[in-house]
Amino acid sequence: MSSTTDRYNIMAQLEHLQSKYVGTGHADTTKHEWLQNQHRDSYASYIGHQSMLHYFAIAENESIGRMKYKFLQRMVVPCGVEPKKNDRQQQQQQK
């Protein structure tokens, strides 16, 4: 009996995390959305950690401010425009 309650408790915690944080995903998360979240998290980490920002600036021979600006610009659409869904996928989702 305890395994059923534990499972319910874990699922409730997971649902709470998924509603609270965008990047945790859910059952309907597409591959493109998942990749966007990963790329945005990476860029945010690069900007937040000064040593990583310095590393990228030295590697690309750019100023630190320019690298921060580039990373912020890349966060807007990190993986390009989301591909259009074909008719079959749309019909399956409507069912």
Side-chain angles (χ1 to χ4, degrees):
M1 191 66 153
S2 66
S3 65
T4 307
T5 22
D6 290 341
R7 184 177 299 146
Y8 175 75
N9 190 17
I10 291 171
M11 291 304 292
Q13 289 176 356
L14 182 61
E15 288 177 14
H16 175 71
L17 284 175
Q18 289 172 341
S19 67
K20 189 173 180 182
Y21 300 107
V22 177
T24 55
H26 49 79
D28 297 328
T29 301
T30 64
K31 186 176 183 178
H32 188 263
E33 290 172 340
W34 184 76
L35 283 172
Q36 273 189 335
N37 287 334
Q38 283 220 326
H39 282 268
R40 285 187 177 135
D41 286 348
S42 296
Y43 289 135
S45 177
Y46 300 156
I47 292 170
H49 293 91
Q50 284 296 100
S51 58
M52 288 295 290
L53 196 58
H54 288 193
Y55 174 80
F56 284 115
I58 291 170
E60 293 195 15
N61 197 24
E62 294 280 354
S63 69
I64 295 169
R66 173 72 59 164
M67 289 306 300
K68 189 180 282 192
Y69 177 77
K70 281 184 177 181
F71 289 149
L72 286 172
Q73 290 299 312
R74 290 178 188 169
M75 284 177 75
V76 175
V77 183
C79 300
V81 181
E82 186 172 2
K84 293 183 180 180
K85 296 178 183 177
N86 61 19
D87 293 333
R88 178 185 279 172
Q89 288 176 341
Q90 288 177 352
Q91 290 173 355
Q92 288 176 352
Q93 288 181 351
Q94 290 176 355
K95 291 182 180 181

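The nearest pair of heavy atoms linking Pro83 to His32 is CD-CD2, 3.8 Å. Annotation for Gln36 and Gly80: closest pair NE2-O, 4.1 Å, computed over non-hydrogen atoms.
Under the 4.5 Å side-chain contact rule for hydrophobic residues, Ile64 and Met67 share a cluster.
Counting non-hydrogen atoms of neighbouring residues, nucleotides and ligands closer than 6.0 angstrom, the NZ atom of Lys68 reaches no more than 12 such neighbours. Shown here is Asn9, whose CG atom has more than 12 heavy atoms of other residues, nucleotides or ligands within 6.0 Å.
Between Tyr43 and Tyr46, the angle of the ring planes goes over 60°, which puts this pair in the perpendicular group of the 30/60° scheme.
Using a 4.0 Å cut-off between a side-chain N of Lys or Arg and a carboxylate O of Asp or Glu, Glu60 and Arg66 do not qualify as a salt bridge.
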Return a table of donor-acceptor pairs under 3.5 angstrom between the side chains of residues 47-59 and protein atoms on other chains or two or more places apart.
| from | atom 1 | to | atom 2 | distance (Å) |
| --- | --- | --- | --- | --- |
| His49 | ND1 | Ser45 | O | 2.8 |
| His49 | ND1 | Ser45 | OG | 3.3 |

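The backbone N or O of Arg74 lies less than 3.5 Å from no partner atom in the side chain of Arg40, so there is not a single donor-acceptor pair.
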